[in-house]
Structure formats: C-alpha cells, structure tokens
Novice: 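Quick one: structure below, then a few questions.
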Amino acid sequence: MDRIKIVGGNRLNGIISISGAKNAALPLMIAALLTNDILTLEDVPCLADVELLIRILSNHGVDYSLNGQREHQTGFYSRTIHFNARHIVTTTAPYDLVSKMRASFWVIGPLLARVGEVGVSLPGGCAIGTRPVDFILDGLRALGAEINIENGYVHARTIKGLRGAQYRFPKVTVGGTHVLLMAATLAQGDTVLCNTACEPEVINLATCLNRMGARITGAGTSEIQITGVSSLSGARIKVIPDRIEIGTYAMAVTMTGGDVFLKGADPSLLCAVLQTLRKTGTEVIESAGGIRIRCTGDSIQPVDIETQSFPGFPTDLQAQFMGLMTRAKGISHITETIFENRFMHVQELSRLGASISLSGQTATVAGVDRLQGAQVMATDLRASVSLVIAGLAAEGETVVNRVYHLDRGFERLEEKLSRCGAQIERVRR
Ligand code: UD1
C-alpha cells in the first residue's frame, strides 16, 4: 500500500488549482440514472471514489465516456464525463460495491423513481459513526414506496409510481436531501421537503436536475418544493469547486506560513471557514479568480469552533482545523455536532506531539511550540489529510500510512503541495 512521506518545515508559496468537488460529483453522477439521455459533467475530479461510483453505475448498465474516449485510452484524467443510462440492466446494488462507499446507497432514489423497484445493500457503519439511513427510507415511504429489509438489503418498490408528499427530515442530512430530491422529480404531483440540507452541493444537484427538465425551487434553503414531471432529459453541468479542498489547503498554508493563491476557489462556498481563518491571524484575500492566503505574523491564534451543517463550519474540515490548532499560541475547543465518532485523528496527532484531550464531543487543544515527525495512520479521508497538515509543520519526517483514504478525496495532493515548496512524496509499494 502506498505511503506519503513528508519532511516538515517548508513554507508554502505559489498557486494551487482547486478541483471539482467530490461531494458534488457523486450525486450528479447518480442523477444520470434518472434519464435515458446523456448527462455530461464537467470538472469531475480524478479520485478513487469517482472511479468506484463509475463501477457501481456500470453495474446498473450505465455507459460512460471520458471526453468522448473510453477509459482504457485515457485513464481517468479527463475531466468531462458523459453518462448514458438508457439501458438499466439491473436494479440491484450489491454489498461488495455499496460497502466500499456510502454514497452509492443513494442510487436507491433515482432507480426507484425511474424503474419502480430497487434492491440496495445497506451501507453498514463506518469509521466516523453509525450513519443510519432511516430518514432516507422514511422519506421514500412518504412518497409511496413499499420498503422491506431482508438479508442486509433494502428492497423498495412502487406499483403505480411515486406520489408527491410532504416530508420533514428529523435532522438535516445531505444524502437524505439528495435522494429525496432525485426521487421526487419523477413523482406524480407536488412534494415539499422540509429541514433540508442547504449545502452548495445540493444546489449543484438541483440546478442539474432543473436543466434536465425537473421543476425544483428552494434548493439551498431549508424547504424545497418539487413538482414531479413524467420524464427527464439529458443536460450538461459543471461540478462546483471543492470547498473542503479549498479549506484544507488554506489551513495548510496557515500552518506552515507562506503565500498561496487558491485558483478557482469560490469564497461564497466557505464563509464560516474563511472567517475562522482570519481570526487565527491569516490574511484571506478574496478575488474573482480565487482566494489568496497570506501569512504575515509568526503565530497562529487559537479559535474555538463547532461543526454545523452549511453555512456553518463543515464537519469535513474539523480534523484539518484541529491539525492547525495543535500549533496555535494557546488553547482552543473543537466541538463536533454532526457525527458521534469523528475524533479518530486525535490519537495520531498526539503521536506527532500534539496535546489534545477529549470530553464528550469536545476536544481541547493546547497548542505546542513544535510537532515532531512520526509514523501515523488514519481511519478516514479527512483525518488523513489533517495528519498531512500536521506533518508539513512537524520537525523531521512524517510518514502517513493508508494513503488510499487520501486518494478517495484529494486529487493529486502531493503534486499540488510539492509545487508550492512542500517536501512531500508518495512512496509506492
Ligand atoms: C455527506 C458528505 C460527508 C459529510 C456529511 C455531513 C457526501 C458524499 N458526503 O455525508 O462528506 O461529512 O454529508 O456534512 O456528500 N443521518 C441519520 N439518518 C439518515 C441520514 C443521516 O441519522 O437517514 C445522520 C448521520 O448519521 C449524521 C447526520 O445525519 O449524524 C448527517 O449525515 P448526512 O448529512 O446524511 O451525511 P452524508 O450525506 O452521509
């Protein structure tokens, strides 16, 4: 298995181009199942999760091409992908595929709406918590689906098609909002979804669905109205920039010092994060083409954060921010409110010399003057990159194991950082 080797201490200077968002690309790709026309997505990032979802969609019969060429001719480095789900060959999403990536469970919405029946393996738990799908299933039941769970599979079907309804999510869920939004586009009549996720990725999906002929209003607010249509057509849409990648690199620059322009970064995607970074003492300069992060002072000021759904501070940047706070001049408190078990990185950061104590859902971080390189290992995607951030500032060599987590969500991470002066390389095995 590959590892990432970092020798810390270098300041970052230069330009980092921001990729399309993984969390926007995945639901957009799944939306291809709603139509027998071609859905074209631009700026799809080259990531392991995207490749896996392509395999999952292929299992259902979805044909795809990259910039008009087949996969074996170009690899996955082309950024525009055309999907064609004209022939659905199976509505079963098997365990061996769904268990590898939770978001693949979301095929349940479009397949049920278009074909009327679907069997999807339950996704199971993951490192950051139990992550149930109960609200997704309740929402589909509200739209008239009959749902049975047998042998680890959710079997959903509708005899006369889905019917519009009102459904209130008991808790804000991004995946739940994506699934119900997709399902309701082909339901008969009007649907009102309440307490919906306001994340920019939901807006990206709703914009795409509207271009395909759906009638959706209110995406980006906590109430979405959908008037069902009988069929959807093809469309073309660009994946929005990855706000988690933007925030991660902004924190890496703040951690190491330096001056980096994040090209293509849209400040409106992460206002709460930029506000927090300013409080740490970093200069954040917003412009039309991106965001410049410039470190002027010598020290990082401690700042308390609490994760929230959008527009609050994202849970997907909590680990990275904790990495940053390990070097702050003082004590900070980091409270996780979205997932119950998202502090797996604490122990690994401690191996680098960080001083962190946990009490319930709050971590207290006492900043230290120096971190020291070590061998570390991560259990999830965002936790791994927090170790990279810490490694960039640590003295000596840090080796991050289980790099496949990073490859799931960060496109060409080591290349982007080394171009800005970081001493970072992939060690292949
Ligand atoms: C998405 C993101 C993930 C991010 C998360 C929260 C993608 C591919 N993944 O994950 O990176 O960390 O949003 O911003 O976009 N819940 C239930 N029942 C349900 C559904 C959710 O209890 O039926 C709970 C979850 O356990 C969790 C909370 O709701 O505590 C939020 O989860 P959710 O927003 O659904 O996360 P995902 O969509 O899986």
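This structure is a prediction, so every number in the text was calculated from the model and none was measured. One-based numbering, in listed order, for ligands and for the atoms of each.
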Novice: Show which atoms of ligand 1 fall inside a sub-4.0 Å distance from at least one heavy-atom site of Arg102.
Specialist: 39 (O)
Novice: Counting from 1, what ligand 1 atoms have a heavy atom of Ile338 closer than 4.0 Å?
Specialist: 27 (C), 30 (O), 31 (C)
Novice: State plainly whether the residues Glu245 and Lys263 are in salt-bridge range, i.e. N to O under 4.0 Å.
Specialist: no
Novice: Given Asp316, which of Ile244, Leu381, Asp242, Thr248 fulfils the side chain to side chain contact (heavy atoms under 4.5 Å, CB included) condition?
Specialist: Ile244
Novice: Apply the test side-chain hydrogen bond (donor to acceptor under 3.5 Å, both in side chains) to residues Thr335 and Glu306: give CA-CA distance (whole Å), side-chain angles for both, the deciding distance (0.1 Å), then the verdict.
Specialist: CA-CA 5 Å; Thr335 304; Glu306 185 177 293; 4.9 Å; no
Novice: Number the atoms of ligand 1 from 1 as they appear, then name those within less than 4.0 Å of a heavy atom of Thr315, with their elements.
Specialist: 6 (C), 12 (O), 14 (O)
Novice: Any N or O on Asp134 sitting closer than 3.5 Å to an N or O of ligand 1?
Specialist: yes
Novice: Nearest non-hydrogen atom to atom 36 (O) of ligand 1 belongs to which of Trp106, Phe339, Phe105?
Specialist: Phe339
Novice: Heavy atom of Arg342 under 4.0 Å from ligand 1?
Specialist: yes
Novice: Tell me the nearest of Val174, Asp138, Thr337 to atom 1 (C) of ligand 1, using heavy-atom distances.
Specialist: Val174
Novice: If only side-chain N and O atoms count, and only distance matters, is there a donor-acceptor pair under 3.5 Å linking Gln225 with Thr217?
Specialist: yes
Novice: So, for Leu270 and Arg243, which heavy atoms are closest and what is the spacing to 0.1 Å?
Specialist: CD1-O, 3.5 Å
